[in-house]
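Below, chains carry the letters A, B, ... as their sequence lines are ordered, and counting in each starts from 1.
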2 protein chains.
Amino acid sequence: MPPTSIAPSPNSVFTPIRFTSSPFPSSLPTPTFLRGQSVLKPRFQTKLVVRATVSMEKETPESERPETFLRESDGQDHAASSASSVRARFEKMIREAQDSVCSAIEAADGGGKFKEDVWSRPGGGGGISRVLQDGAVWEKAGVNVSVVYGVMPPEAYRAAKAAASADQKPGPVPFFAAGVSSVLHPKNPFAPTLHFNYRYFETDAPKDAPGAPRQWWFGGGTDLTPAYIFEEDVKHFHSTQKRACDKFDPTFYPRFKKWCDDYFYIKHRNERRGLGGIFFDDLNDYDQEMLLSFATECANSVIPAYIPIIEKRKDLPFTDQHKAWQQLRRGRYVEFNLVYDRGTTFGLKTGGRIESILVSLPLTARWEYDHKPEEGSEEWKLLDACINPKDWI
Amino acid sequence: MPPTSIAPSPNSVFTPIRFTSSPFPSSLPTPTFLRGQSVLKPRFQTKLVVRATVSMEKETPESERPETFLRESDGQDHAASSASSVRARFEKMIREAQDSVCSAIEAADGGGKFKEDVWSRPGGGGGISRVLQDGAVWEKAGVNVSVVYGVMPPEAYRAAKAAASADQKPGPVPFFAAGVSSVLHPKNPFAPTLHFNYRYFETDAPKDAPGAPRQWWFGGGTDLTPAYIFEEDVKHFHSTQKRACDKFDPTFYPRFKKWCDDYFYIKHRNERRGLGGIFFDDLNDYDQEMLLSFATECANSVIPAYIPIIEKRKDLPFTDQHKAWQQLRRGRYVEFNLVYDRGTTFGLKTGGRIESILVSLPLTARWEYDHKPEEGSEEWKLLDACINPKDWI
């Protein structure tokens, strides 16, 4: 049976419905039936790929935030009906993260206010997009949460196939996905851009394949994209990520730091988008409660990792040259997001909410022909660190 | 046998080596074995696709323009050794077009000068990239020619398979491709962006499949992307394209006008990049000499179609609001080129000369969250014409 994978958006907005199935048997040791981008990467280049496009229902604007985007049946855990389900707790976590990040951004901005759009989809789920544009500190800051109910083709769910008897054809498998996603682009060229995204994915246990289990995984990350390097800032940022990781597993930070460097890679430039951070996907080979706590810890680390850097850099004087270099790096940000970011590219293809997906793009960007920073300059140092990722701590 | 297609770049720089073969028999009536983008479009979404990536040799900078990028053996026609080959005449035509367009742009700009980069590839071929940046009239103007020698897998060449006997395995088929490509982005928001690209593709007759013919086709187009509509400008532009077409075939203009509207479509926005023009690809079901003349006529129509519009609009006074709208439309230009343009996306994947490929991107662009022009405004009228393509003449 074709191995299959579903890769929710690692960037900008949560667009969790990509189905990619290969007619080749997988030679990859996958602990889960759902394989994320790191595992998929090598396969894309060499193997047959089928894309079963899943288009999304059109979103409906809502005038008020609902208490939850979950379907009623999802409030209680299937295993232990006295406890809240992981779905419910994850939604609560990402909405709290959205609230606290937006509050911290507004406080640090001291001028701009977030504009909120709430929307739902007829079949369940919905989202809250918040955007602060042309503030005092940030030129564009987007913080989105979304909850998606979808149905994936049976070939995407290997466990269902395995559990089905020979004459039984398993039907489509319902799935649930939720995430918080944010990109924050400041005005000052010495103040870095930040991106973070945390997401949870779960399938139902398929009704027509008895014995096939429900499946779940976590993904996400936080990464920093400055135009100029202040080593103390980058150290502070990475240290905060490491501290969050170390509370759970000493292997997490080195592994997820490398994953981040590998993921945010602009292949045609042979350079990374920025100076990295952490990135993980497809995580389910740990205790589910532990991973929920870990994702929560990561989301809670965004403000302490980022805001102190902003406070130090937001008012530094700068020249037109500094601004032009920032704008060139913003161009690279656009290139990465439109060409490589799987969430963005898939969101565009499947009809997700375009304005939420593309809120990750900077307010302004620039492309100069054949621009090469002078060797040894501050611009060159940044570029060098994007080409040759460093260990910052 | 899998049908296969090779789609040279319709945009920015000429990157002619995409091989896409499908294990499904094609149900499409293709007059040529080489199918271009219009035909491929629906297949991408539903069928199995193999990408046999052909990476390009690294380019070598040259200090001087060579008289020709052709291999020595290519100067003479294979059929009539007294006449210049189509390859040679096409190269001559695109280099003359590059010269005359660059001269006209420099004259109209009255300040900026083109910077030239010449490069070659070890296996033959090369190119000339010319870029004028931050001129008086244009913020970025790129005019490139390139000549590529490559080898395509035998399954890309159906005629070779057909001619081969059962126990004979045809080998790789050498091909030749050449093109001129240009994007011109003015500063004034009332002066439109122009793109044009004309290209010629030819295979050798495969040596190990006697009887299999050499194959060839022409592609190209010229299209206009204003931020504001001056109806007389758009009429003048389309009329000039129509006149060029009508000299050859009365069906060309209506057919290639629609093809253009269909090609420059930003699917996730449900709008076109601009107000169109003409676009064609995969043309070989006409006399080869006639199509060479037609491509030449089209290339020669660029200056009379475009420069009079620039002269009228380049000095019009404008406000910050006009400029911001132009920048938003530049953002759409970036979205089209990075997400949809097959030449650009394939060039990025196969390691073409990045700076030549991305010279099509504007110097500056802008993305505002959820920007909607006021109904009935000039901005709205432009957007409306991008959503609902009009007949301008």
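Identified by a heavy-atom distance below 4.5 Å to chain B, the contributing residues of residues 130-137 of chain A are Val131(A), Gln133(A), in residue-number order.
Every residue two or more places apart in sequence or in another chain was checked for a salt bridge (charged side-chain N to carboxylate O under 4.0 Å, His left out) with Asp109(B), and none qualifies. For Glu271(A), the salt bridge (charged side-chain N to carboxylate O under 4.0 Å, His left out) test picks out Arg329(A), Arg332(A), with sequence neighbours left out. Under the ring pair (Phe, Tyr, Trp, His ring centres under 6.0 Å) criterion, His268(A) pairs with Tyr340(A), not counting sequence neighbours.
Taking all atoms of both residues into account, the shortest heavy-atom contact from Glu368(A) to Glu355(B) is O-OE1, 3.9 Å. Heavy atoms only, all atoms of each residue included: Trp367(B) and Ala365(A) are closest at CZ3-CB, 4.1 Å.
Looking at Lys115(A), its side chain never comes within 3.5 Å of a backbone N or O of Tyr369(B) through a donor-acceptor pair.
Annotation: maximal heavy-atom pairing with chain A below 4.5 Å, among Thr364(B), Leu361(B), Asp370(B), occurs at Asp370(B).
Both the backbone and the side chain of Leu363(B) come within contact range of chain A, with heavy atoms under 4.5 Å apart. Only the side chain of Arg269(A) comes within less than 4.5 Å of a heavy atom in chain B; its backbone stays farther off. Both the backbone and the side chain of Leu338(A) come within less than 4.5 Å of a heavy atom in chain B.
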Between Glu335(B) and Leu358(A), does a side-chain contact (heavy atoms from CB on, under 4.5 Å) hold up when you go through it step by step? CA-CA 10 Å; Glu335(B) 288 179 30; Leu358(A) 295 185; 3.6 Å; yes

